[in-house]
Amino acid sequence: MKTAVYPGSFDPVTYGHLDIISRAAKLFDKVIVLVSFNPAKPNCFFPLEQRMDFVQRALVELKNADNIEVDSSDGLLVDYFKKREADVIIKGLRAMSDFEAEFQMALVNKDLFYKAETIFLAADVTGTFLSSSMVKQIAAFGGDVSAFVPHTIINDVTSKLKIKNEG
Ligand code: ADP
């Protein structure tokens, strides 16, 4: 039984994330999508509960999500990794710009806990330019994000962004 943990802010979850989740779910027996607090990004737009709910509802779009779990953590990733007796950390790589920070994080996690191996999955072609921040910017100005945000959550994502923008 091999368990993978896929951590991130998911503010909000995009089709780029969903692609990584579905591919990881084919490679591992269990995938835990860990909606986390990232001290480098302390001001998430969507509250944690809602980010988790978005991921959970986005999973409906996958053919088989039986081995995917959604959880949250505001502590050290390696502590969660140990607690769940996980085998790998999954990270998505979009471009070289992701690489340096993710590589550093992978080395640090391995140093903190020698069993914490990180596996990188390359983003698919369409996901390469896609980020949660881009979605938030486009939606705040009323742009069409239907190609980027799972259709099961798109109304909730865009309405909240527009309300904030108008307020
Ligand atoms: P954070 O940057 O706070 O860890 P994100 O939600 O931005 O959280 O990203 C979580 C993980 O998903 C990271 O490994 C990131 O590189 C990856 N990721 C984000 N967007 C995409 C995408 N469009 N395609 C593939 N991987 C992605």
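Atoms considered below: every heavy atom in the structure, side chains included; atoms not considered: hydrogens, waters and symmetry mates. Numbers here are sequence positions counted from 1. For ligands, and for the atoms within them, numbers begin at 1 and follow the listed sequence.
- With ligand atoms numbered from 1 in the order given, ligand 1 contributes 6 (O) to contacts under 4.0 Å with heavy atoms of Phe10.
- Heavy-atom proximity to Lys91, at under 4.0 Å, picks out these atoms of ligand 1: 14 (O).
- The shortest N/O to N/O separation between Thr14 and ligand 1 does not fall below 3.5 Å.
- Contacts of Tyr6 with ligand 1, taken as heavy-atom pairs under 4.0 Å, involve the side chain alone.
- Counting protein heavy atoms only, atom 20 (N) of ligand 1 is closest to Arg94 NH1, 3.3 Å.
- When the options Asp87, Ile90, Thr3 are evaluated for a side chain to side chain contact (heavy atoms under 4.5 Å, CB included) with Phe28, the one that passes is Ile90.
- Under the 30°/60° scheme for interplanar angles, the aromatic rings of Phe103 and Phe99 are found to lie parallel.
- Residue contacts with ligand 1, taken as heavy atom pairs separated by less than 4.0 Å, involve Leu130 via backbone and side-chain atoms alike.
- Checked options Lys41, Gln50, Lys136; the residue passing with Asp11 is Lys136 (criterion: side chain to side chain donor-acceptor pair (under 3.5 Å)).
- When only modelled atom types and interatomic distance are considered, Thr126 and Asp124 share a side-chain donor-acceptor pair under 3.5 Å.
- To the nearest 0.5 Å, atom CG of residue Leu62 and atom CD1 of residue Ile21 are 7.0 Å apart.
- Nearest to atom 25 (C) of ligand 1 by heavy atom, out of Ala123, Cys44, Gly127, is Ala123.
- Atom 14 (O) of ligand 1 has Gly92 N, 3.1 Å as its closest protein atom, hydrogens excluded (heavy atom only).
- Under a cutoff of 6.0 Å and an axis angle of 45°, Lys160 and Phe46 do not form a cation-pi pair.
- Which of Lys41, Arg51, His17, Arg23 comes nearest to atom 2 (O) of ligand 1 through a heavy atom is settled by distance: it is Lys41.
- Looking at Ser131 against ligand 1, nothing comes within 4.0 Å, counting heavy atoms.
- Listed by number with element, the atoms of ligand 1 under 4.0 Å from a non-hydrogen atom of Asp98 are 16 (O).
- Within 6.0 Å of atom CG in Asp74, 12 or fewer heavy atoms from other residues, nucleotides or ligands are found, so the atom counts as exposed in its surroundings.
- Per-residue contacts place Glu102 under 4.0 angstrom from the following atoms of ligand 1 (heavy atoms of the residue considered): 13 (C), 14 (O), 16 (O).
- Heavy-atom contacts of Gly16 reach the following atoms of ligand 1: 22 (C), 23 (N), 24 (N), 25 (C) (cutoff under 4.0 Å).
- Considering backbone and side-chain N/O of Thr128, none are found under 3.5 Å from N/O of ligand 1.
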(request) Please lay out, stage by stage, how Ser146 and His151 fare under the test side chain to side chain contact (heavy atoms under 4.5 Å, CB included). (result) CA-CA 7 Å; Ser146 57; His151 66 76; over 6 Å; no
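- Polar contact check, Ser9 against ligand 1: a nitrogen or oxygen pair lies under 3.5 Å apart.
- No more than 12 heavy atoms of other residues, nucleotides or ligands sit less than 6.0 Å from atom NZ of Lys2.
- The heavy atom nearest to atom 26 (N) of ligand 1, out of those in Ile89, Asp11, Ile20, is found in Ile20.
- Using a 4.0 Å cut-off between a side-chain N of Lys or Arg and a carboxylate O of Asp or Glu, Lys91 and Asp98 do not qualify as a salt bridge.
- Taking every non-hydrogen atom of Gly8 and a distance limit under 4.0 Å, the qualifying atoms of ligand 1 come out as 4 (O), 8 (O), 10 (C).
- When each atom of ligand 1 is checked for a heavy atom of Pro7 under 4.0 Å away, the hits are 10 (C), 11 (C).
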